[in-house]
Amino acid sequence: MAEKAAKIRPDVGGIGISNPQRVIDPASGATKLQLAEYYLAVGEWLTPQLAKRPLSIVRAPEGVPGESFFQRHCGRLKMPHMRVLDKSLDPEHARLIQADSVTAVIEAVQMGTIEFHTWNARSDRIDKPDRVVFDLDPDPELPWSSMVQAACMTLDLLDELGLRAFLKTSGGRGVHVVVPIDRRHSWDCANEFARGVTVRLAKEAPEQIVAKMGPKNRVGKIFVDYLRNQRGASTVAAFSARARPGLPVSVPIAREELQQISDADQWNILNLHERLDNLKHDPWADYPATRQTLSAQLLKDLAARQ
């Protein structure tokens, strides 16, 4: 009986996967088991992106074509390996969750999860963000070259401000520009800085970049979304799959790769191993050691240029 059960629920990282051969993405034919095996394979890359941060998961119990929904709290889900955070972090709701191990990740996949999103702060100092994220969200009709130009303009401005940024594909249509910062600033400060960068970019390149969200505002343009820098907002983690046809993945890239790749959904759970196997240098290797401050002078200079 035990052997029969093992065949029905194959073990992936210590978690039994039910309905393993169920196709969750008709576009690629990928199964629930393949998604779980993907997360186990990239565990050493993904776990540092998730650990110590409040987590939001995107569950799609019926697969990519079905309904999906965000969930920030454990609720009635049986995920014993998922850390449940202190009630005081979000007192008006059920307790937040956190995935500190690949076992917790695969456990969430077993419960129908496809995507993993994290806050811009760690749970031990939730009111002090440690990064600012810009989500470059394009009009779907724009070519990839427009995204490259917008990303380069964003990076050039951050260079002028003396800040180092890191890039990753969103796994959707756009690019995420991530700026690590010291854990000494408030959410209001991080949001003020992010908004200032977006407004400045829109002023300098009004034909290409817009500072207002909404499809009607970004027709033929790219919205540099700064709104992910508020308390409680989250961004899809690097190496997380997306609940989209093909199960694309959000992937860290070097600046020079912007010109070399074809789109933000170039990599998926079935081909990302090719990139990782041939990767000579981790484009985010310096991220953990990067320390940067949003000084009062920097914010003043940014405001003066708007």
I'd like to know if the side chain of Glu115 and the backbone of Val58 have a donor-acceptor N/O pair within less than 3.5 Å. no
Has Tyr39 got a side-chain atom pairing as donor or acceptor with Leu46's backbone, closer than 3.5 angstrom? no
Should Val178 and Val197 be regarded as members of a common hydrophobic cluster, given that ILVMFWY residues are connected when their side-chain heavy atoms come within less than 4.5 Å of each other, either directly or indirectly? no
Are Leu294 and Leu155 co-members of a hydrophobic cluster defined by side-chain heavy atoms under 4.5 Å apart? yes
Between Glu204 (side chain only) and Arg200 (backbone N and O only), is there a donor and an acceptor less than 3.5 Å apart? no
Check for a donor-acceptor pair, side chain of Asp277 on one end and backbone N or O of Glu274 on the other, with a separation under 3.5 Å. no
Derivation of the side-chain contact (heavy atoms from CB on, under 4.5 Å) call for Leu258 and Ile253: CA-CA 8 Å; Leu258 277 170; Ile253 59 172; 4.0 Å; yes
Set of residues satisfying salt bridge (charged side-chain N to carboxylate O under 4.0 Å, His left out) with respect to Glu257, sequence neighbours excluded: Arg275
Asp124/Lys52 salt bridge by N-O under 4.0 Å criterion: no
Given the rule that I, L, V, M, F, W and Y join up when any side-chain heavy atoms are under 4.5 Å apart, are Leu50 and Val133 in one cluster? no
Would you say Leu247 and Val236 are hydrophobically clustered, going by side-chain heavy atoms of ILVMFWY under 4.5 Å? no
Is there a donor-acceptor pair under 3.5 Å between the side chain of Thr198 and the backbone N or O of Val224? yes
Salt bridge (charged side-chain N to carboxylate O under 4.0 Å, His left out) pairs, two or more places apart, involving residues 135-157: Asp135-Arg228, Asp137-Arg173, Asp137-Arg218, Asp156-Arg255
Check: His81 main-chain N/O paired with Glu107 side-chain donor or acceptor under 3.5 Å: yes
Which residue in the set Ile24, Val23, Ile114 passes side chain to side chain contact (heavy atoms under 4.5 Å, CB included) when paired with Val64? Ile114
Does a side chain donor of either Ser146 or Gln208 reach within less than 3.5 Å of an acceptor in the other side chain? no
Using salt bridge (charged side-chain N to carboxylate O under 4.0 Å, His left out) as the criterion, list what pairs up with Asp182, not counting sequence neighbours. none
Single-linkage hydrophobic cluster, 4.5 Å side-chain cutoff, Val249 and Met147 together: yes
Whether Tyr226 and Phe223 hold their rings parallel, tilted or perpendicular, with breakpoints at 30° and 60°: perpendicular
By salt bridge (charged side-chain N to carboxylate O under 4.0 Å, His left out) - contacts of Asp188 (at least two apart): none
Check ion pair Arg242-Asp265 (N to O, under 4.0 angstrom): no
Between Phe193 and His185, does a side-chain contact (heavy atoms from CB on, under 4.5 Å) hold up when you go through it step by step? CA-CA 11 Å; Phe193 164 73; His185 308 288; over 6 Å; no
Is the CD atom of Gln230 crowded by more than 12 outside heavy atoms at less than 6.0 Å? yes
Please verify the inter-ring angle class for Phe239 with Trp45; under 30° counts as parallel, over 60° as perpendicular, anything in between as tilted. tilted
Have Thr118 and Arg131 got a donor and an acceptor in their side chains that come within less than 3.5 Å? yes
For Lys212, I'd like to know if atom NZ has over 12 heavy atoms of other residues, nucleotides or ligands within 6.0 Å. no
Contacts of Gln71 meeting side-chain contact (heavy atoms from CB on, under 4.5 Å) (sequence neighbours excluded), chain-then-number -> Ile57, Arg59, Phe69, Leu77
Is there a side-chain contact (heavy atoms from CB on, under 4.5 Å) between Arg72 and Trp119 once you walk through the steps? CA-CA 10 Å; Arg72 295 198 300 173; Trp119 286 34; 3.4 Å; yes
Contacts of type side-chain hydrogen bond (donor to acceptor under 3.5 Å, both in side chains), residue Asp263, not counting sequence neighbours: none
